[in-house]
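As the structure lists them, so they are numbered: ligands from 1, and atoms in each ligand from 1. Residues: numbered from 1 along the sequence shown.
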Amino acid sequence: MIPVAEALARVLDLIRPVDTETVPLRQASGRMLRTAARATRAQPPFAASSMDGYAVAEPPRPGQSLQVVGEAAAGHAFDGRVAPGEAVRIFTGAPVPEGAIAVVLQEDVTRTGDRITLGEGVRDETNIRPAGGDFGAGFTLDPTRLLRTVDLALLAAMNVAEVTVSRRPSVALIATGDELIVPGEVPRPDQIVASNIYALAAMIEAAGGVARILPIARDNQDALRAVLDLAKGADLVVTIGGASVGDHDLVAQVAGTMGLERSFYKIAMRPGKPLMAGRIFGVPMLGLPGNPVSAIVCGHLFVLPALRALTGDPAPEPKLSEGRLAVDVGQNGPRAHYMRASLDGGGITPFPEQDSSLLTVLARADVLLLRPPHDGPQSAGSVAQYLAL
Ligand SMILES: Nc1nc2c(c(=O)[nH]1)N[C@H]1C(S)=C(S)[C@@H](COP(=O)(O)OP(=O)(O)OC[C@H]3O[C@@H](n4cnc5c(N)ncnc54)[C@H](O)[C@@H]3O)O[C@H]1N2
Ligand code: MOO
């Protein structure tokens, strides 16, 4: 059994980023930017009014009377110049006319025909947004950057219509076991419903991958070989179940006959001990344990980091946070324990039931509380690490 950190490092070692594609902005959300995107123009491209009012050429004084000589609206510049003694009616977002040094709010103005008088409230403020105040021409978004929702608006403002991003990695998901049916089928009395694969597929898709759920592989060599063969072409192969030492746990054996180069098998982690990793068909492969909670926890700790590394994320590791225990916890065993736990204002409370078959407990959990190997008893209030779910 190797430590979790070493297992993760070895998984990440197996991975090279996928190639890129150029997509329109509407398809770029959540994707990894792989080449720099550059603004060809400043924003705003001109000095713009930040208020509705009057553009003036001298510092505004209460009681001052000015002649209105024209109008500037957003998208409709005033093409003349404003001189002392004059004002240009202006609206928010309009280019500030040449000669103007400030915009007086319309609330501070009394207008009669084409003349305005400035009121007592006029203040010493310009209400002008300088050209390039947000960004200048040549401003870039640099790779490697995960494009968040606001980045799409920023790219649009930069007049970048297409970006070069990582292709969506495809992940082949294979559930194994004679006991499994798909949801909605009528089970025999000795069968159960394949469940964890649905969580894994959703996690992969939420992280920007494409999940290919392959047919359930039955517990015999031919069936498993046939389904593994269908995984060819994926960027990552993930099997679920059949990872342990039982007579029907065939994944490592069959994958071995198909060219699997194993990196490791078994890690000091609970749940998730029988995790396996290697390369098959020229791509990384993860063999997850079948217990539903084990598979999903391994999904968070290994499948998602692998997926992020495939997209080119330079820091694909899970991000642990720190919190305080709400209750006392006992001595931990030899494996790192990722305990299903709640997190609220009072701190982190691991649930009493930690069996790796209990999906209802995982579904109630906010976090996985990390208990390091051989960690001694800890009292309520101690600092602990957790992974948010
Ligand atoms: N003698 C030993 N037995 C076991 C050991 C061990 O070290 N020595 N390790 C235990 C641990 S820890 C785990 S974890 C499991 C892992 O077993 P497998 O990966 O071989 O998984 P299966 O035996 O195929 O299934 C385990 C369990 O999970 C159910 N299952 C499987 N696939 C799914 C699925 N897609 N959806 C829902 N449920 C699934 C399956 O029916 C079993 O109940 O091994 C222990 N045994
Ligand atoms: O390591 Mo197993 O995943 O605890 O149930």
Worksheet item: Between the main-chain N or O of Arg335 and the side-chain N or O of Asn332, is there a donor-acceptor pair closer than 3.5 Å?
Response: yes
Worksheet item: Would you say the side chains of Arg38 and Thr140 form a donor-acceptor pair under 3.5 Å?
Response: no
Worksheet, complete the sentence: Per the under 4.0 Å non-hydrogen criterion, ligand 1 touches Ala175, Glu179, Leu180, Ile192, Val193, Ala194, Ser195, Asn196, Gly241, Gly242, Ala243, Ser244, Val245, Asp249, Lys273, Pro274, Pro289, Gly290, Asn291, Pro292, Ser294
Item to complete: State, without any angle test, whether Thr164 and Thr22 hold a side-chain donor-acceptor pair at a distance under 3.5 Å.
Response: yes
Practice prompt. State whether a side-chain donor-acceptor pair under 3.5 Å links Thr92 with Asp52.
Written response: yes
Item to complete: For atom CZ of Arg148, decide whether the heavy atoms of other residues, nucleotides or ligands shown that lie under 6.0 angstrom number more than 12.
Response: no
Discussion item. Cation-pi check for Tyr54 against Arg89: NZ or CZ below 6.0 Å from the six-membered ring centre and within 45 degrees of the axis, yes or no?
Written reply: yes
Worksheet, complete the sentence: Sorted by chain and number, sequence neighbours left out, salt bridge (charged side-chain N to carboxylate O under 4.0 Å, His left out) with Glu98 holds for Arg81
Would you tabulate the polar-atom pairs, meaning N/O of ligand 2 against N/O of the protein, with distances under 3.5 Å, reported to 0.1 Å?
residue: ligand 2; atom: 1 (O); partner: Gly272; partner atom: N; Å: 2.8
residue: ligand 2; atom: 1 (O); partner: Lys273; partner atom: N; Å: 2.8
residue: ligand 2; atom: 1 (O); partner: Arg335; partner atom: NH1; Å: 3.1
residue: ligand 2; atom: 3 (O); partner: Gly272; partner atom: N; Å: 2.5
residue: ligand 2; atom: 3 (O); partner: Ser294; partner atom: OG; Å: 2.6
residue: ligand 2; atom: 5 (O); partner: Asn291; partner atom: ND2; Å: 3.2
residue: ligand 2; atom: 5 (O); partner: Ser294; partner atom: OG; Å: 3.3
residue: ligand 2; atom: 5 (O); partner: Ser356; partner atom: OG; Å: 2.4

Which pairs of donor and acceptor atoms, one on a side chain in residues 273-280, lie under 3.5 Å apart (sequence neighbours left out)?
residue: Arg279; atom: NH1; partner: Leu14; partner atom: O; Å: 2.5
residue: Arg279; atom: NH2; partner: Gly282; partner atom: O; Å: 2.5

Practice prompt. Heavy atoms only: give me the nearest Arg371-Met339 pair and the separation to one decimal.
Written response: CG-SD, 3.6 Å
